[in-house]
Amino acid sequence: MEWSELATESRILTRSFYNRDAVTVARELLGKILVHRRAAGMIVETEAYLGGSDLAAHSARGVTNRTRVIFGPPGHAYVYFIYGMHECLNLVAEPEGSPGCVLIRAAEPVAGIEIMKRRRPKSRSMEKLASGPGNLTRAFAITRAQNGADVTRGPLVVRKWSREPKFEIQATPRIGIRHCADWPLRFVIAGNKAVSG
DNA sequence: CAATAGATCATCT
DNA sequence: GATGATCTATTGC
C-alpha cells in the first residue's frame, strides 16, 4: 500500500459505520485498515463489549470518569491502561447514551513496518508486531492521549480497502475475562497469522 | 511445548 | 487495598 493512498480523505469509515450495535461493528471492522502515526495494519481480531447484562464490559457499572467515553457518541477511541503496563484501544459503537465498544486486539502490518519494528524491538516476527491489544497500541504508538479522539477524522482513523478482501469470520469466547466468559463475542479472520492467543 | 511469575498502576471499593 | 479486556521471560516436563 502506498502512503499517498492513505493520505487521502476517501474511504475513512464514517460515523454511521460505528452507529450500530457493537457486534455488527466488531464483525465489520475485520479486514479494515487501522492508520496512526505512519503505521497501517489490517484489523484481524476484535471483541465486542456490550451494555445490559455484559458484566465483562467496563461500562457495566455505569458512567465513571474512565467509562464516560463509552457512553458518548460513536466513532471515538476509548483507550484505557491496564496491568500497570499496557494500553488497549477500543472504538465506541452504538448511539450516544447507549454503551458499547469494540476492543481492537490484533492487526496485520500493511505499511510502516520498519517504524513498528522500532517501536516493538522484542517482536520476533512481522506477524506478531501488532498481535495482542497491548502490542498493537505499542506498534501504532497509541496511548491514553488518544482517549476520546474522533476516529472519523485523523490522525487516528480506520479505512476501507479500494477492493474489499474476502475472508471467513470465526467467533470465539473473549480472552482474559472472568464474567460472561463463554459469550462468543471475539471475532477473528480465520487462519490469519497475526491473530493473538 | 505448557504453566507460572513478575512487572506495575489507574480505577473503583 | 484489591483487582485487572496483558506481555514476556523463565522454569519445568
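Naming convention: chains lettered A, B, ... in sequence-line order (proteins, then strands); numbering from 1 in each chain.
Listed nucleotides dT8(C), dA10(B), dC7(C) differ in distance to Arg144(A); the shortest reach to its side chain belongs to dA10(B). Distance from the side chain of Met85(A) is smallest for dT8(B) among the nucleotides dA5(C), dC12(B), dT8(B). When each of dC12(B), dC7(C), dA5(C) is scored by its nearest atom to the side-chain atoms of His86(A), the top-ranked nucleotide is dC7(C). When distances run from any side-chain atom of Arg61(A) to the nucleotides dT13(B), dA9(C), dA5(C), the shortest one goes to dT13(B). Comparing dT13(B), dA5(C), dA9(C) by their closest approach to the side chain of Tyr83(A) singles out dA5(C).
Stacking annotation: Tyr49(A) is stacked on the base of dA5(C) (ring centroids less than 5.5 angstrom apart, interplanar angle below 30 degrees).
Remark: the Thr24(A) side chain and the Asp21(A) side chain contain an N/O donor-acceptor pair separated by less than 3.5 Å.
Among the atoms of the strands shown, only primed sugar atoms or phosphate atoms (P, OP1, OP2) are found under 4.0 Å from some heavy atom of Asn135(A). Using a 4.0 Å heavy-atom distance criterion, Arg124(A) is classed as making no nucleic acid contact. No engagement by Arg138(A) is indicated, since no non-hydrogen atom pair under 4.0 Å with the nucleic acid exists. When heavy atoms are screened at a 4.0 angstrom cut-off, Arg174(A) is found touching no nucleic acid atom at all.
Phe187(A) places its CZ atom 15 Å from the C1' atom of dA5(C), with the value rounded to the nearest Å. dT8(C) atom C1' lies 14 Å from atom NZ of Lys128(A), rounded to whole Å. Rounded to a whole Å, the CG atom of Leu129(A) is 11 Å from the P atom of dT8(C). In this structure, the CG atom of Leu136(A) is 14 Å from the C1' atom of dC7(C), given to the nearest Å. Here the C1' atom of nucleotide dA9(C) and the NZ atom of Lys122(A) are 9 Å apart, to the nearest Å. One interatomic measurement links the two molecules: CD1 of Ile104(A) to P of dT6(C), which rounds to 14 Å at whole-angstrom precision. Spacing between atom CZ of Arg68(A) and atom P of dA10(B) amounts to 17 Å, rounded to whole angstrom units. A straight line from CG of Asn65(A) to C1' of dT13(B) spans 16 Å, rounded to a whole angstrom.
Taking side-chain N and O atoms only, Arg66(A) has no distance below 4.0 Å to OP1 or OP2 of dA5(C). Distances shown here put a side-chain N or O of Arg178(A) below 4.0 Å from the OP1 or OP2 atom of dG4(C). Applying the 4.0 Å criterion to OP1 and OP2 of dT11(B), one finds that His58(A) has every side-chain N and O outside that range.
With ring centers used as reference points, His58(A) lies under 6.0 Å from Tyr80(A).
Nearer the 5' end of DNA chain C, as judged by each residue's closest nucleotide, is the contact made by Phe81(A), out of Pro133(A) and Phe81(A). With DNA chain B read from its 5' end, the first of the two nearest nucleotides for Gly84(A) and Thr64(A) is the one closest to Gly84(A).
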Residue pair Ile70(A), Asn90(A): steps toward the side-chain contact (heavy atoms from CB on, under 4.5 Å) verdict: CA-CA 9 Å; Ile70(A) 307 174; Asn90(A) 296 249; over 6 Å; no
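Cation-pi geometry between Arg144(A) and Phe81(A) is met: the NZ or CZ atom falls under 6.0 Å from the ring centre, inside 45° of the normal.
Checking side-chain atoms of Asn135(A) against main-chain N and O of Ser131(A) turns up a donor-acceptor pair under 3.5 Å.
Across all strands shown, the partner of dA7(B) is dT6(C), judged by Watson-Crick or G-U wobble contacts whose two distances both fall under 3.5 Å. The partner of dT13(B) is absent, by the rule that a Watson-Crick or G-U pair needs both atom distances under 3.5 Å.
Considering CZ of Arg118(A) and CG of Leu129(A), their distance stands at 12.0 Å, rounded to 0.5 Å.
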